[in-house]
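Some notes on the structure that comes next.
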Amino acid sequence: MNYDFKKIGGVALVAVIVLAAFYLYDSGPDQDISEALAENTELSSLLLALEASGLMDGLDPGTDYTIFAPTNAAFTNYDSELYGGLYDDMGFLQSLLSYHVVEGKHSVADISKMGAISTIEGESIVVSTSGAVQVNGSIISADSQMECKNGYIIPVGEVLIPPTVEETYIDMTIVDAAGREVYIKKVPERIVTLASSATETLYAINAGDLLVGRDKYSVYPEEAQQLPNVGSGSALALEETLNLNPDLVITWYFSTTAIESLEQNGITVLAIGPSSVQGVLDLITLFGEICGHSADAEAIVGDMQSTIDNITSYVASIPAEDKVKVFYELSTNFKTVNKSTFTGQLMEMAGGINIAGEEGTTYPMLSSEWIIDQDPDVIVVVSYGVSLDEVKARDGWDSIGAVINDKVYSIESNLVSATPRMVLGLEQFAKWFYPEYFV
Amino acid sequence: MQDISKYYSGVRHKRLMLLVGLSIILFFVAVVGFMVGPVFISPGVVLKILASQIPKLGDGIVQTWPNTYNTIVLDVRLPRVIVGMLVGIGLSVAGCGMQGLFRNPMASPYVSGISSGGAFGAALAVNIGAIYYLVPLFAFVFSSATVFLVYTISRVRGKVSMETLLLSGIAVASFFSALVSLMMYLSAEKLESIVFWMMGGFWASGWDEVIILLPFLVLCIPIYVFLSRDLNALLLGEQDAQDLGINVEATKRFILVLTALLVGACVAVSGTIGFVGLIIPHITRIIVGPDHKVLIPACIFTGGIFMILTDIIARMIIQPSELPVGIITSLFGVPFFLYLLRRRKTSMGW
């Protein structure tokens, strides 16, 4: 037997090449994205949606795409109650699906090296690699990725929601100041506020453009006065309010009649009633979330907090016996506030000892003689109350330290109530109480 | 004849003793008014502080108490007790006059709409942002003007029927109350100072108020005493009074003018304190009988005593805070009045 080794070698080589070629051909993609989708029964909902929205036909055949493909289970879990049915709004469906499509051919391994990927919808998907590779918090894996001729299909367990949509659909349930559960689905676009504090806060977080109406007490900032006036929480012009077609009405917690009648007319009502400094800060944060202005809210709360911290840290260093005694007067003679009131808290925060702080009634009316006996170091009168001259001229008050040292001041009531301007009131108090430190 | 004169001198003696007794009670109540409050000052110190103000006598007194006690007694309590006393006197004497005039136990100094008029004047002054001392002036002018308005409305052909006067008083009062409510609604921030006028109290009373009130009382009270004969005659009915030679229409006018001045001044300094003008004349009548010759002087004392006492309660009950005294006058005065009413159903004179 004379074997022709060269022949055998040649045949073997050919065989190896052919086998190798077959092998290579086998492992290479032979389908494009639409064919691969059609074949995968797990992704039938996506295919249907892509075809219905026209997005499939809109993709450029000459371009590679990577598609994050929500599985059928993901579509089942899609919150149609929140966002509305998938096929209710084709424009919405198209932009939602566009948010799943990325130009270029990226495998899971490629993606894991990126921080964010911009989609053809315009917004980006956030990639995180802590533990498993995740896009917007949904795990993706190389095991399930499908390579196609013109890209990759990467199954995801959730429908990815564009950030702008997520911000609009806030889907919040709030227990409000009246103890009611208030569900807010979307960022409101037409707000009527029946609480001056809310009006101020909304303007402060740059959400004033969402307002379409106000109560008669909402006169700050000045722009608010341009809005239609619908009376007040206690005497609401219901028809005018309904006519403004609000999607949210914000009111004080005690305006129970207004809350009831608005609710009966199917309007979402949020009751507020911040009673502490922290309550105001929390309210600003909450309004930020509701109105999609969280960044503005955080910035303001941060500023306010640092002013507060600055004052309270100095106040903490003052020994109790060196603190100034303060008498605060409302618009009726000798009528003041105890520590449970907002003004009372601000006074205390600014290092003042409210002579009526421990009184049982919220707005106690003190005896003149007792005030003389307490001998306050500082007297602050609300600006619409009595004149400072009248205070100084009261019988027997010339023996009070505050009058002797001319420390009788007038303050605008809005600066000492539950609004973002409260820090101005706090600062003013601090300057009056400790002028040598707070200049 | 001798017996009768003896009887009357006995009555006079009894009446005199009664008035002396009431004046002693008034004095002690006033001293208690100087002593108590959120800051307790012992009677000895109170008397020394008062005495130290008297020239010569006061020189020998060594001060053993803090300076603030001087301020409290002399600048706060002294004017306050005096204002309380004067308002009590004014309201009860005016009430006495009105009840005698109307021969109606429901009559009070406020029947002719005077309190609502006063509250309206005060609310108006507060609302237009008047300087503070104009507020009592407005209160006074409007409360007095209300009386004249009501009088003018109810005068038909030179005569005033009591029923018409009462009814038009109620109507005008309602009208002014509505205006006050309207202003309270419109001026949220100033609401509190309007409420003051509606509740009444002495927490802001000082020497200025004493100076405002005193002339009115000095002028009006003696006239009431002088008019007691006419009021007595009116108890018999208008016709009989006329027959006795009383100029009924002139008396009516007189009493109304006096009420307007006296009560207007009281409302101006202390707001509208309820029930005093209604129940003090009744209580006094139960004690001394319906004769205005003794009833009016007695009302001076009982009104003063009652007002000082209720004011003491008002500033003690939740000290160092105060209650509006109007709440106390009704809360404590009314049950006491009802008790007396049940216990002694003596003749009221009508």
Side-chain angles (χ1 to χ4, degrees), chain A residues 196 215-219 231-235 327 329-338 355-376 381-391 393-401 403-404 412-414 417, chain B residues 34 36-41 66-80 83 126-127 129-133 135 185-197 199 201-210 271 311-312 314-325:
Chain A
S196 52
D215 72 325
K216 62 174 176 174
Y217 303 114
S218 292
V219 290
S232 69
S234 54
F327 171 63
E329 185 169 290
L330 295 165
S331 64
T332 302
N333 291 351
F334 316 135
K335 192 151 196 164
T336 184
V337 296
N338 76 357
I355 62 167
E358 301 302 321
E359 283 304 287
T361 23
T362 316
Y363 300 102
M365 193 159 62
L366 299 175
S367 290
S368 177
E369 59 176 62
W370 193 72
I371 300 167
I372 293 169
D373 192 50
Q374 288 291 306
D375 193 18
V381 184
V382 72
S383 57
Y384 55 80
V386 295
S387 73
L388 299 186
D389 288 338
E390 188 185 349
V391 171
R394 280 176 183 158
D395 291 307
W397 281 44
D398 49 4
S399 71
I400 296 177
V403 177
I404 294 168
E412 206 191 314
S413 65
N414 291 317
S417 29
Chain B
F34 299 141
V36 299
V39 183
F40 180 81
I41 303 175
N67 260 329
T68 44
Y69 282 19
N70 286 334
T71 311
I72 288 171
V73 170
L74 297 172
D75 291 335
V76 181
R77 289 186 190 166
L78 190 56
R80 180 169 179 158
V83 170
V126 168
N127 237 19
I131 319 164
Y132 64 93
Y133 52 77
V135 179
Y185 178 79
L186 293 177
S187 68
E189 288 195 326
K190 296 164 182 161
L191 195 122
E192 277 201 57
S193 31
I194 300 176
V195 170
F196 164 82
W197 292 95
M199 297 212 282
F202 300 111
W203 59 86
S205 297
W207 287 112
D208 290 346
E209 280 74 16
V210 175
D311 186 42
I312 290 172
R315 62 183 136 126
M316 291 294 289
I317 199 161
I318 49 164
Q319 58 168 304
S321 299
E322 297 204 5
L323 278 179
V325 78

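In what follows, chains carry the letters A, B, and so on, assigned in the order in which the sequence lines appear, proteins first and then strands, with residues in each chain numbered from 1.
- Residues in residues 359-369 of chain A take part in these salt bridge (Lys or Arg N to Asp or Glu O under 4.0 Å) pairs, two or more places apart or across chains: A/Glu369-B/Arg77, A/Glu369-B/Arg315.
- Looking at A/Ala235, both its backbone and its side chain come within 4.5 Å of chain B, counting heavy atoms on both sides.
- Contacts between A/Ser368 and chain B at a heavy-atom distance below 4.5 Å involve backbone atoms as well as side-chain atoms.
- Shown here are the side chain to side chain donor-acceptor pair (under 3.5 Å) partners of B/Thr71, two or more places apart in sequence or in another chain: there are none.
- The shortest side-chain heavy-atom distance between B/Asp75 and B/Trp207 falls under the 4.5 Å cut-off.
- Contact count against chain A (heavy-atom pairs under 4.5 Å) is highest for B/Val76 among B/Ile318, B/Val76, B/Asn67, B/Leu323.
- Residue contact with chain B, scored on non-hydrogen atoms closer than 4.5 Å, involves the side chain of A/Ser399 exclusively.
- Using modelled atom types, one finds no donor on one side chain facing an acceptor on the other under 3.5 Å when comparing A/Ser383 with A/Glu412.
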